Amino acid sequence: MKIRTRFAPSPTGFLHIGGARTALFNWLFARKHKGTFVLRIEDTDEVRSTEDSVQAILDSIRWLGLNWDEGPKDSRLSEGPYGPYFQMQRLDIYKKFLDQLMRDAKAYRCYCSKEELDEMRRLAALEKRPPRYDGRCRNLTDHQKKEYEAAGKKYSIRFKMPDSGTTTVDDLIRGKVSFENNLLQDFVIVKTSGVPTYNFACVIDDHLMEISHVIRGDEHLSNTPSQLRLYEALGWTPPAFAHLSMILGPDGAKLSKRHGATSVLEYKNEGFIPGALRNYLALLGWATKNSQDLFSYEELISSFDIEGCQKNPATFDNAKLTWMNGEYIRKMPISELVEAAKPFLDEAGIRPSSGLTSLEAAISLEHQKYKKLTEIPALISFFYQPLEISPVAREKSLSAPEVPSILGDLSSLFETMSSFKEKEIEASVRQYAQQKGFKAGQVFHPLRAAVSGRTDGPTLFLMLEVMGRDEVIKRLKESSRLLAAGPA
RNA sequence: GGCGCGUUCGUCUAGCGGCCCAGGACGCUGCCCUCUCAAGGCAGAGACCACGGGUUCAAAUCCCGUACGCGCCA
């Protein structure tokens, strides 16, 4: 069988972590089986859907690297053999199947007003009955219908659910889950506006687009029996279903805005890289037999399977994501890292002019230290800014009485060196310390602080080499001047 | 309220009747390395497998309840 999966977001906001995870699983499954990954925009919520949201969602999915084979090209146009992929552009298609259901008497017009329905619900709550539609419009006489029509009453279309028996969802993750039909109500398939509801449009599209596997969030499991009845009424074979567990925030509630960042683009802006987010998200609700954590791009695709999917909800853990991001950054080739860091450097105003240390050199000095791209500017900024000695550096590393003479000696020493390479610098400085009877640290620490203004930083001698002799000497002199001038 | 789903270290999870007085990863703690901060290496703390009953020679693993959490229906 040809594997076709889909991700079908509603464009009513940004792409959230939960949605991204659903998209990822569909993408992984399709890629693993050499199938097709379809992106469909479910924009039938006329009030809340926006083009900006569509754009944001497309941007997010692209950034994550989940390339789709069929679907939108931009926020209005789509391409692929089963298009269009925007539901609002498919209304005539839904109409056709609605007519079929009406003809077969499997759906009917419901003239109940919002007030009537509210009242129905209120009564049900009062009598502690489930708040379901009582089916009062199901068997209206022709006379009643005419009367309502004449009165110009608005109507929605409801689907006739069987009122006995059970409907069983055979879920790839949860196994067989049964629902009593008499507990399912005659749900609305077309709203009074004439626009189909989620359950209706979704079924038609999944069938017409020949989706083989519907992989979606757990919150849709309860909708599935209703959809199954629709497939049956239309004479179609339903796809396979797999319902993914939810993603929770640290407090155990469904992940939402109040837990902090939840939109994929926010993660991008916080300095996470797509591969790491993909890898981490894959592990939320899925695992291999040996609990592997880090996967290469290809490995993730080949290892993925539905059996490894978890039934219980997973809590999003920023700490592990951050660790993983660091792992990915460490594995990145330096040129790629520099490219990825550029937007963050720009934002911090770091744009090295010629003559100064190259970004590649500066960034690679601390390559194993970055956990997020956002950390890069602060760690390399001292290369590109006028020397500024931090209070900690001044107190911890530069307060000893011998410091001024050491700094003076070192700058003379550096001037006389034949070459200014890491190994030679280290040898010379060690030799100097020994001659003067200082412990290595007594010299190293002031040197670092005087040149960078900080107590932490890259490995010392390589840093000096990278910075260059002229700049190092200039800074040693500047430090001496600042120290002589006393605390700022 | 009804229905549905879930419950193994703080978190993600391995486990599908004996190999488990429960393994890995993140985080945490300590040590080593070391010019600092990281990274890395090593070690450690951390789960009476939600609770209560069964079934079985044997249960985290199978069955039944209960509790709690979450979802759907409005």
Side-chain angles (χ1 to χ4, degrees), chain A residues 114 117-133 166-167 169 171 173-175 177-185 187-188 199 217-226 243-255 279-294 307-327 329-330 365-371 375 379 392-393 396-397 425-426 429-430 433 439-449 452 454-464:
Chain A
K114 190 172 177 307
L117 293 170
D118 285 345
E119 178 63 9
M120 223 180 281
R121 240 171 270 136
R122 200 182 59 80
L123 280 173
L126 223 59
E127 296 166 30
K128 299 210 188 293
R129 283 183 291 108
R132 67 189 275 263
Y133 177 68
T166 63
T167 299
V169 181
D171 190 272
I173 295 172
R174 286 154 206 287
V177 184
S178 297
F179 298 82
E180 297 284 331
N181 288 339
N182 61 15
L183 262 15
L184 268 21
Q185 62 176 332
F187 61 101
V188 175
N199 280 122
D218 192 26
E219 67 270 25
H220 293 292
L221 183 57
S222 304
N223 281 326
T224 310
S226 301
H243 287 92
L244 269 15
S245 60
M246 318 225 53
I247 299 178
L248 273 22
D251 59 354
K254 184 175 169 179
L255 192 67
N279 193 153
Y280 179 69
L281 249 23
L283 258 22
L284 277 186
W286 172 76
T288 56
K289 305 250 189 302
N290 59 352
S291 306
Q292 184 176 343
D293 284 292
L294 267 9
E307 289 93 85
C309 288
Q310 207 67 22
K311 293 194 189 82
N312 48 308
T315 304
F316 193 88
D317 181 17
N318 241 301
K320 185 153 186 178
L321 203 214
T322 303
W323 161 77
M324 197 170 272
N325 204 55
E327 289 289 320
I329 287 179
R330 257 167 258 135
L365 275 179
E366 304 253 56
H367 196 159
Q368 61 280 89
K369 203 176 286 184
Y370 316 120
K371 289 202 165 73
E375 291 164 358
L379 286 170
V392 192
K396 275 186 67 181
S397 307
I425 305 170
E426 177 164 5
V429 174
R430 279 191 191 278
K439 280 189 282 186
Q442 262 178 293
V443 179
F444 293 174
H445 296 307
L447 175 55
R448 166 187 301 288
S452 71
R454 313 186 328 189
T455 55
D456 59 359
T459 183
L460 181 57
F461 302 102
L462 186 55
M463 174 184 101
L464 297 177

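Since we're looking at a predicted model, the values are computed, not measured. Convention: sequence-line order gives letters A, B, ...; per-chain numbering from 1.
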When you check the phosphate oxygens OP1 and OP2 of B:G27, does a side-chain N or O of A:Asn318 lie under 4.0 Å from one of them? no

Output yes when at least one side-chain N/O atom of A:Lys289 is less than 4.0 Å from OP1 or OP2 of B:C16, else no. no

How close or far is atom P of B:C26 from atom NZ of A:Lys371, stated in whole angstroms? 11 Å

On RNA chain B, compare the nucleotides closest to A:Ala319 and A:Ser222; which residue's is nearer the 5' end? A:Ala319

A:Asn290 side chain near B:A14 phosphate (N/O to OP1/OP2, under 4.0 Å): no

Within the 4.0 Å heavy-atom criterion, would you say A:Gly285 contacts the bases, only the backbone, or no part of the nucleic acid? sugar-phosphate

Can you tell me the pairing partner of B:C20 across any strand shown, Watson-Crick or G-U wobble, with both distances under 3.5 angstrom? none

Which is true for A:Ser178 with a 4.0 Å heavy-atom rule: it touches a base, it touches only sugar-phosphate, or it touches nothing? sugar-phosphate

With heavy atoms under 4.0 Å as the rule, sort A:Gln442 into base, sugar-phosphate or nothing. nothing

What is the nucleic acid contact for A:Arg330, judged by heavy atoms within less than 4.0 Å: base, sugar-phosphate only, or nothing? sugar-phosphate

Over how many whole Å does the gap from A:Leu284 atom CG to B:A25 atom P extend? 18 Å

If we call it a pair only when both distances are under 3.5 Å in a Watson-Crick or G-U wobble match, what pairs with B:C73? B:G1

Any base atoms under 4.0 Å from A:Thr288, or only sugar-phosphate, or nothing? Heavy atoms, all strands. sugar-phosphate

At under 4.0 Å between heavy atoms, what does A:Gly457 touch on the DNA or RNA strands: base, sugar-phosphate, or nothing? base

Select base, sugar-phosphate, or nothing to describe what A:Gln310 touches, counting heavy atoms under 4.0 Å on all strands. sugar-phosphate

Classify A:Leu460 by what it touches in the nucleic acid, base, sugar-phosphate, or nothing, heavy-atom distance under 4.0 Å. base

Length of the CD-C1' vector between A:Glu426 and B:U34, whole Å: 11 Å

Side-chain N or O of A:Gln185 closer than 4.0 Å to phosphate OP1/OP2 of B:A74: yes

Which nucleotide wins on minimum distance to the side chain of A:Val177, given the candidates B:C5, B:G71, B:U36? B:C5

Could you tell me the separation between the CG atom of A:Asn312 and the C1' atom of B:A14, rounded to a whole number of Å? 13 Å

What is the distance, to the nearest angstrom, from the CG atom on A:Asn181 to the C1' atom on B:C73? 15 Å

Over how many whole Å does the gap from A:Lys396 atom NZ to B:C35 atom C1' extend? 12 Å

Would you say A:Arg430 reaches B:C35's phosphate, i.e. side-chain N/O to OP1/OP2 under 4.0 Å? yes

For A:His367 and B:G40, what is the distance between atoms NE2 and P respectively, to the nearest whole Å? 12 Å

More 5' along RNA chain B: A:Met246 or A:Arg174, using each one's nearest nucleotide? A:Arg174

Tell me: CG of A:Asp218 to P of B:U7, nearest whole Å? 12 Å

Respond yes when some side-chain nitrogen or oxygen of A:Thr315 is under 4.0 Å from OP1 or OP2 of B:C12, and no when none is. yes

